[in-house]
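Just so it is clear, the model here is predicted, and its values are computed rather than measured. As a basis for the values below, the full set of heavy atoms in this structure was taken, side chains included, without hydrogen atoms, waters or symmetry mates.
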Amino acid sequence: MVHTQGEVIFDEKKTPIGMRGAIQDITEQKLAIEKIKESEERVQLYLQNFMGIGTQLDGNFVPVFLHGAVEELTGYTKEDFLSGKVRWSEIVVPEDRAGLQEKAQKK
């Protein structure tokens, strides 16, 4: 696959006297974009069928992304977590809190 760009060169009488341009091989770029698109589609399909919660947390274990059965499993909406109204650590069962805090301190 190639990308081309060019222009016609005219003399003072507006007669075409030449052309200049560039041709660039974009095969690898197109393939990389297609792989990213396929990967994103697989992730979306996975998340749509996942019977749990997919999440991304920041360094303080505050969610920046939540997807899935958030309200069904926690009783709170995604917005409750993302806005900070409810903290993720507040819903973790007591016996798992120590491990969560230990991981947060390592960051």
Side-chain angles (χ1 to χ4, degrees):
M1 290 178 237
V2 295
H3 171 73
T4 61
Q5 182 175 352
E7 65 179 318
V8 178
I9 302 169
F10 297 93
D11 65 11
E12 58 279 343
K13 295 180 183 178
K14 303 206 187 264
T15 304
I17 58 171
M19 185 173 175
R20 66 176 157 221
I23 299 173
Q24 179 182 11
D25 182 354
I26 58 169
T27 305
E28 287 186 32
Q29 179 183 5
K30 289 281 191 179
L31 292 174
I33 290 169
E34 188 60 34
K35 284 182 181 181
I36 290 169
K37 183 179 175 185
E38 289 171 3
S39 176
E40 289 173 348
E41 288 171 355
R42 282 193 305 271
V43 168
Q44 284 300 320
L45 183 61
Y46 172 77
L47 289 174
Q48 288 171 358
N49 294 301
F50 180 60
M51 298 308 290
I53 301 171
T55 185
Q56 179 181 354
L57 307 173
D58 69 11
N60 296 313
F61 288 85
V62 175
V64 293
F65 169 81
L66 289 167
H67 184 82
V70 176
E71 193 165 356
E72 293 88 341
L73 294 173
T74 68
Y76 300 101
T77 66
K78 290 190 318 187
E79 291 73 26
D80 288 338
F81 288 104
L82 296 174
S83 69
K85 180 178 176 183
V86 177
R87 295 190 49 86
W88 196 255
S89 59
E90 294 171 359
I91 67 160
V92 174
V93 293
E95 55 269 15
D96 290 342
R97 284 187 186 150
L100 183 64
Q101 289 171 343
E102 185 179 309
K103 288 180 182 179
Q105 290 171 352
K106 286 182 182 178
K107 296 279 178 181

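- A continuous path of Ile, Leu, Val, Met, Phe, Trp and Tyr side chains, each step under 4.5 Å between heavy atoms, connects I91 with V70, placing both in one hydrophobic cluster.
- Remark: the backbone N or O of L45 is paired with a side-chain donor or acceptor of N49 at under 3.5 angstrom.
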*Take D96 and V93 through the test side-chain contact (heavy atoms from CB on, under 4.5 Å) and record every step on the way to the result.*
CA-CA 6 Å; D96 290 342; V93 293; 3.3 Å; yes
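- Residues P16 and F10 come closest through the heavy atom pair N-CD2, 3.6 Å.
- Closest approach of W88 to V92, counting heavy atoms only: O-CG2, 3.4 Å.
- L31 and I26 fall into different hydrophobic clusters, where Ile, Leu, Val, Met, Phe, Trp and Tyr are joined by side-chain heavy atoms under 4.5 Å apart, directly or via other members.
- With T55 contributing its side chain and L66 its backbone, the two residues share no donor-acceptor pair below 3.5 Å.
- Hydrophobic clustering (side-chain heavy atoms under 4.5 Å, transitive across Ile, Leu, Val, Met, Phe, Trp, Tyr) groups V86 together with L73.
- Within a 6.0 Å sphere centred on CD of E41, other residues, nucleotides and ligands contribute more than 12 heavy atoms.
- To the nearest 0.5 angstrom, F81 atom CZ is 11.0 Å from R87 atom CZ.
- Around CE of M51, the count of heavy atoms belonging to other residues, nucleotides or ligands within 6.0 Å does not exceed 12.
- Atom CD in Q24 sits 9.5 Å away from atom CD in Q5 (nearest 0.5 Å).
- The side chain to side chain donor-acceptor pair (under 3.5 Å) contacts involving residues 27-40 comprise D25-T27, where partners must be two or more places apart or lie in separate chains.
- Y46 meets the ring-ring contact (aromatic ring centres under 6.0 Å, His included) test with F50; sequence neighbours excluded.
- E7 pairs by the salt bridge (Lys or Arg N to Asp or Glu O under 4.0 Å) definition with R20, not counting sequence neighbours.
- Atoms OG1 and CD1, on T74 and I53 in that order, are 5.5 Å from each other to the nearest 0.5 Å.
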